[in-house]
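Step one of this worksheet: look at the structure below.
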Amino acid sequence: MPGFRPTLSITLVYLVLIVLIPLSAMVLKTLQLSLEEFWTILVHKRVLASFWLSFSAAALAASIATLLGSIIAWCLVRYSFPGKQLCDALIDLPFALPTAVAGIVMATIYEPKGWIGEWVMAAMGVQIAYKPLGIVFALIFIGLPFVIRTIEPVLQEFDSAMEEAAASLGANRWQAFVKVILPNIFPAALTGFALAFARGIGEYGSVIFIAGNMPYISEIVPLLIITKLEQYDYAGATAIGLIMLVLSFVLLLIINSLQWWLRKRNGQL
Amino acid sequence: MTAVNSKPTSLTLTDATWVRATLVGITVLTVGLFLVLPLATVLLEAFAKGWATYFDSLMQPDALAAMRLTLLVAAITVPLTTVFGVSAAWAIARFDFRGKNILLTFIDLPFSVSPVIAGLIYVLIFGAQGWLGPWLAQHDIKVIFAVPGIVLATLFVTFPFVARELIPLMQEIGHEEEEAALSLGASGWQTFFKVTLPNVKWGLLYGVLLCNARAMGEFGAVSVVSGHIRGLTNTLPLHIEVSYNEYDFVGAFASASLLAGLAVLTLLLKTFLEWKLKQDVKASRQAAIE
């Protein structure tokens, strides 16, 4: 078959120019720092606070998205109900909707005078927007389709003969769910969680409008990078950016192994 | 036991009514709160002061400039990403070589990198303090805080979109038809245009569609390199941010309604293409069997 050399050349040249050289610029820029300088940047209280916030908000949001997403995937695959087609079509909205649009919309809905924000404030005395809780809400929105679209195909392929076997052996529905269905969708749910978590850590546009962006309290890591850049603190921005890059690379490797495990369990390997 | 066994299988797998009702309730509530309400809010806020104000804010020179820039950026990045995606898919799906898995991981990498970092890396190269900064300043070339920087950042974030759709599709379709065409004397290009392209056209369109949506909607990466210069380097998403931060909510949501419309259109076309794609894969499997 012809075309190996030209297509591989285009691929590699483009990859090197657009992705690898720019990313290595960040590594090299960080290497200009001494280890002590690097360390001082990272253990600054404001930096640590933003890392803690980004990770905990992303983990909490991804957990909630995994729970809700599993239920939604289950309903879409197993049940028929009015509005199902519409639900199914809308699931991918967070993939397609630009993050800035999602950001201003979420802020408008959950701000203290917004449709839901006002109601939650009156009913429970909890403020969502401009607090860390607002970040979690924005990240649930972003994470939902990752979970649903990962679990859905597994449920569709799931062999209900196993459920039937469990039922005929006397297991009730709950036992069948815990012993048969749950172990089978667990790898998919974990993959969906990892995808939502990875996306949540780096997410910027949909979060900054609702977050409040208070240093030490509601300032996410990507925003801190931008703040440092605007103050011409290139070293600080780069050092924090490199940590983020390494983390996302590690997460990518974990996700790839999870997906490999998932395909293997589904008998596609 | 016997009672369970005698029931039709579908019944043994049916959940109790209250379980179904609860789960469907959670689904409808979640979809309503997180997906329907945001879409409705965009429209309600955009038209909060009537049609006239809506159109006025879209006809502002800054808004029009933002639309033009967004279209320009998409017009440059989408074709480049497409050419790269097709080349990568041909090399990866049609040949075996060492390091293929590493290459695939690198192609995926921009998906998992924070958009802010996608902007930052270009600032480090082309910015005033960057590697090429002094040289660019000498020759009076602007990359950062100008259109080229926006294009580069968008190229980075859209990088995997076409390749990621095409590679699995071309692997699934297989290369028997292409080899038949080649053995009958077709050239490489003829084989690509007459055999490969018709086979993967829906998948290719699907990738291009998602790539375009991301190119027009990218915010974080573009925000870092743009400098937010009104009428010059503000794309539509950045124009939304500026309007919103200046409390021009109708202006922000009017621009947002355009991008939300694009998102809905993307979803509709996506549903159509997925349906086409399934049919094509089915047809090619059928052909392989025969």
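Each chain gets a letter, A, B and so on, in the order the sequences are listed, and its residues count up from 1. Fair warning: this is a prediction, and the values are worked out from it, not measured in the lab.
Put simply, CD1 on B/Ile92 and CG on A/Leu8 are 8.0 Å apart, with the number rounded to the nearest 0.5 Å. Atom CZ of B/Phe84 is separated from atom CG of A/Leu15 by 6.0 Å, given to the nearest 0.5 angstrom. For the atom pair B/Leu124 CG and A/Thr30 OG1, the distance stands at 8.0 Å (nearest 0.5 Å). With rounding to the nearest 0.5 angstrom, the CG atom of B/Asp15 is 11.0 Å from the CH2 atom of A/Trp174.
Neither the backbone nor the side chain of B/Leu262 comes within contact range of chain A; no heavy atoms are under 4.5 Å apart. Contact annotation for A/Phe95: neither backbone nor side-chain heavy atoms come within less than 4.5 Å of a heavy atom of chain B. Interface remark: B/Ile26 contributes side-chain atoms only to the contact with chain A (heavy atom separation under 4.5 Å). B/Tyr244 touches chain A through its side chain: at least one heavy atom from C-beta onward sits under 4.5 Å away, while N, CA, C and O do not. With a 4.5 Å cut-off on non-hydrogen atoms, A/Tyr14 touches chain B through its backbone and its side chain both. Using a 4.5 Å cut-off between heavy atoms, B/Ile117 touches chain A through its side chain atoms alone. Residue contact with chain B, scored on non-hydrogen atoms closer than 4.5 Å, is absent for A/Ser9. For a residue to count as touching a neighbouring chain, one of its non-hydrogen atoms must lie under 4.5 Å from one of that chain's; by this rule A/Leu195 does not touch chain B. For A/Leu28, the part lying under 4.5 angstrom from a heavy atom of chain B is the side chain only. For chain B, no part of A/Ile240 is nearby; none of its heavy atoms comes within less than 4.5 Å. In this structure, chain B has no heavy atom under 4.5 Å from any part of A/Phe177. At a 4.5 Å heavy-atom cutoff, A/Leu251 makes no contact with chain B through either its backbone or its side chain. For A/Leu144, the part sitting under 4.5 Å from any heavy atom of chain B is the side chain, from C-beta outward, and nothing else.
No side-chain donor-acceptor contact under 3.5 Å links B/Ser87 to the backbone of A/Thr7.
Of all the heavy atoms in B/Leu35 and A/Ile91, the pair that sits closest is CD1-CA, 4.0 Å.
With ring centers used as reference points, B/Phe34 lies 6.0 Å or more from A/Phe141.
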